[in-house]
> 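The structure that follows is given in the form of structure tokens.
The structure displayed is predicted, hence computed values, not measured ones. Within every chain, numbering begins at 1; the chains are lettered A, B, ... in the order of the sequence lines, protein sequences first and strands thereafter.
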Amino acid sequence: MIDRAFFDRPVLEVAPEVLGGVLTRRQPGVEPVSIRITEVEAYDGRIDPASHAYRGRTRRNATMFGPPGHLYCYFIYGMHHSLNMVCEAAGAPTGLLLRAGEVTAGHELVRARRSVRRRTPLRDRDLARGPGCVAQAFGAGPETDGADLFGGEWTFATPPAPVEHVTGPRVGVSGDGADPAVFPWRFRIPGDPTVSAFVPGRRKARR
DNA sequence: CAGTAGATCGCCT
DNA sequence: GGCGATCTACTGC
């Protein structure tokens, strides 16, 4: 069992230890959902131009400035939510974006949630492949922002033994924060089929 | 498999 | 007013 101190450490130190861990959401009257995390990205608002917190505290990013062990959940691209685990002490705005994982409990519910307004069949490994997919699998929405990982509804368990991992460039990030030489802050379990497609700087090059 | 367009809206400049 | 820590479907090879 971990406690809040687990998250009260440098985000780059926490990142590899989250891999292989299982995040679970238990809501009254709802089938529990568990996802084994296979890919995360670190963000540090103090030094990282790609972080939502880089330009200071706003209403949206306030959770990242709060105490560790909470979920920072935000709305993006007009249709998706993304989940972060807040790390380090209050005032140090850091977070781990949950990019992908393997559903280990609640398959039926997740499949139903992920199949809404979808025309093509969904493979098992795609149930929580991608940040927006992870949030949707958990049924996370605006009300999830600020949720306490030690409040009962959400729980996180680290793997029995440390898991092998590799690092690389972040995905979907542009500008100064995209440089993999400076911010190789994407952590993933090598070879895991649920890790999202590696397409750094996906946005079309300008011409 | 690679490349791309469209959807859709809150946030911040 | 522009763009974003994205996803899906579709095209062409």
Side-chain angles (χ1 to χ4, degrees), chain A residues 11-12 14-15 18-19 23 35 37-65 70-88 92-101 103 110-146 167-180 182-188 193-207:
Chain A
V11 66
L12 295 179
V14 180
V18 164
L19 294 178
L23 179 62
I35 294 180
I37 306 301
T38 58
E39 178 182 4
V40 299
E41 270 176 13
Y43 289 86
D44 184 338
R46 293 168 297 190
I47 59 173
D48 174 8
S51 169
H52 289 167
Y54 185 60
R55 286 163 191 81
R57 179 176 180 146
T58 65
R59 178 143 87 259
R60 175 175 65 157
N61 64 29
T63 297
M64 266 199 291
F65 286 82
H70 290 251
L71 291 174
Y72 166 48
C73 185
Y74 65 91
F75 183 62
I76 191 67
Y77 291 126
M79 59 189 74
H80 299 296
H81 287 271
S82 289
L83 285 173
N84 293 247
M85 291 172 166
V86 174
C87 296
E88 306 200 31
T94 70
L96 287 176
L97 171 66
L98 305 181
R99 284 200 56 89
V103 176
V110 171
R111 179 166 288 278
R113 284 171 170 165
R114 290 273 293 114
S115 298
V116 176
R117 270 174 284 143
R118 193 194 167 84
R119 307 184 63 81
T120 60
L122 194 54
R123 288 170 302 183
D124 272 351
R125 76 167 197 184
D126 290 329
L127 287 175
R129 197 182 192 214
C133 300
V134 172
Q136 193 176 12
F138 277 122
E143 72 288 345
T144 302
D145 184 43
T167 65
R170 292 182 293 190
V171 178
V173 173
S174 57
D176 294 336
D179 188 347
V182 185
F183 299 105
W185 288 3
R186 176 174 176 241
F187 297 73
R188 58 205 194 275
T194 65
V195 169
S196 69
F198 171 46
V199 192
R202 183 103 157 269
R203 291 186 78 85
K204 186 172 42 178
R206 43 201 326 274
R207 43 165 295 123

> Can you check the A:Ile76 CD1 to B:dT8 P distance for me, whole Å?
16 Å
> Looking only at side-chain atoms of A:Phe75, point me to the closest of B:dC11, B:dG10, C:dT6.
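Ranking B:dC11, B:dG10, C:dT6 by closest atom to the A:Phe75 side chain puts B:dG10 first.
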> When the P atoms of B:dA5 and C:dC3 are considered, how many whole Å apart are they?
15 Å
> Determine whether a donor-acceptor pair (N or O, by modelled atom type, separation under 3.5 Å) exists between the side chain of A:Asp48 and the backbone of A:Ala50.
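Checking the backbone N and O of A:Ala50 against the side chain of A:Asp48, a donor-acceptor pair under 3.5 Å is found.
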> Which nucleotide in the set B:dT8, C:dT6, C:dA5 lies at the smallest distance from any side-chain heavy atom of A:Leu97?
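Side chain of A:Leu97 sits closest to C:dA5.
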> Rounding to a whole Å, what distance do you find between A:Asp176:CG and C:dG4:C1'?
16 Å
> Starting from C1' on B:dC11, measure out to CZ on A:Arg57 and report it in whole angstrom.
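The answer, rounded to whole Å, is 16 Å.
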> Please enumerate all residues that pass side-chain contact (heavy atoms from CB on, under 4.5 Å) together with A:Gln136, with sequence neighbours excluded.
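side-chain contact (heavy atoms from CB on, under 4.5 Å) check on A:Gln136 returns A:Arg114.
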> Categorize A:Arg114 for me: base, sugar-phosphate, or nothing, with a 4.0 angstrom heavy-atom threshold over every strand shown.
sugar-phosphate
> Compare side-chain N and O positions of A:His52 against OP1 and OP2 of C:dA5 and report whether any pair is under 4.0 Å apart.
yes
> What is the distance, rounded to the nearest whole Å, between atom CZ of A:Arg60 and atom P of B:dC9?
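The answer, rounded to whole Å, is 16 Å.
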> When only distance counts, do a donor and an acceptor, one from the side chain of A:Tyr74 and one from the base of C:dA5, lie under 3.5 Å apart?
yes
> Between A:Thr58 and B:dC12, is there a contact of a side-chain N or O with OP1 or OP2 at under 4.0 Å?
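Yes, because at least one side-chain N or O of A:Thr58 sits under 4.0 Å from OP1 or OP2 of B:dC12.
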> Okay, side chain of A:Thr63, backbone of A:Asp145: is any donor-acceptor separation there less than 3.5 Å?
no
> Please say whether more than 12 non-hydrogen atoms of neighbouring residues, nucleotides or ligands are located less than 6.0 Å from CZ in A:Arg118.
yes
> When you measure from the side chain of A:His80, which nucleotide among C:dT8, C:dT6, C:dA5 comes out closest?
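Ranking C:dT8, C:dT6, C:dA5 by closest atom to the A:His80 side chain puts C:dT6 first.
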> Compare the minimum distances between each of C:dT6, C:dC7, C:dA5 and the side chain of A:Val173, then state the nucleotide with the smallest one.
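When the side chain of A:Val173 is considered, C:dA5 is the closest of C:dT6, C:dC7, C:dA5.
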> Looking at A:Arg99, I'd like to know whether one of its side-chain N or O atoms comes within less than 4.0 Å of OP1 or OP2 on C:dT6.
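Yes, within the criterion.
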> Taking Watson-Crick (N1-N3 plus N6-O4 or O6-N4) and G-U wobble (N1-O2, O6-N3), each under 3.5 Å, can you produce the dot-bracket string of DNA chain B? Use [ ] for crossing pairs and | for inter-strand ones.
|||||||.||||.
> Are A:Arg170 and A:Glu41 ion-paired here, with the side-chain N under 4.0 Å from a carboxylate O?
no
> Under 4.0 Å from OP1 or OP2 of B:dC12: is there any side-chain N or O of A:Arg55 that close?
no
> Atom CD of A:Gln136 to atom C1' of C:dC7: distance rounded to whole Å?
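Taking CD of A:Gln136 and C1' of C:dC7, I get 9 Å after rounding.
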> Between atom CE in A:Met79 and atom C1' in C:dC3, what is the gap in whole Å?
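Between C1' of C:dC3 and CE of A:Met79: 13 Å.
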> Which nucleotide in the list C:dC7, C:dA9, C:dA5 gets nearest to the side chain of A:Tyr72?
C:dA5
> What is the separation between atom NE2 on A:His81 and atom P on B:dA7, rounded to the nearest whole Å?
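A:His81 atom NE2 is separated from B:dA7 atom P by 20 Å.
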> What is the separation between atom CZ on A:Arg123 and atom C1' on C:dC7, rounded to the nearest whole Å?
14 Å
> Applying a 4.0 Å non-hydrogen cut-off, can you work out what A:Arg59 is touching in the nucleic acid: base, sugar-phosphate, or nothing?
nothing
> Could you tell me whether a side-chain N or O of A:Arg125 sits under 3.5 Å from a main-chain N or O of A:Thr194, the two making a donor and an acceptor?
no
> Identify, with sequence neighbours excluded, every residue that meets side-chain contact (heavy atoms from CB on, under 4.5 Å) alongside A:Asn61.
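If we apply the side-chain contact (heavy atoms from CB on, under 4.5 Å) test to A:Asn61, skipping adjacent residues, the hits are A:His52, A:Ala53, A:Arg57, A:Thr58, A:Met64, A:Phe65, A:Tyr72.
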> A:Leu97 vs A:Ser82, test: side-chain contact (heavy atoms from CB on, under 4.5 Å). Steps then yes/no.
CA-CA 7 Å; A:Leu97 171 66; A:Ser82 289; 3.7 Å; yes
> Counting side-chain heavy atoms from C-beta on, which of C:dA5, C:dC7, C:dA9 comes nearest to A:Arg119?
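Of the options given, the side chain of A:Arg119 lies nearest C:dA9.
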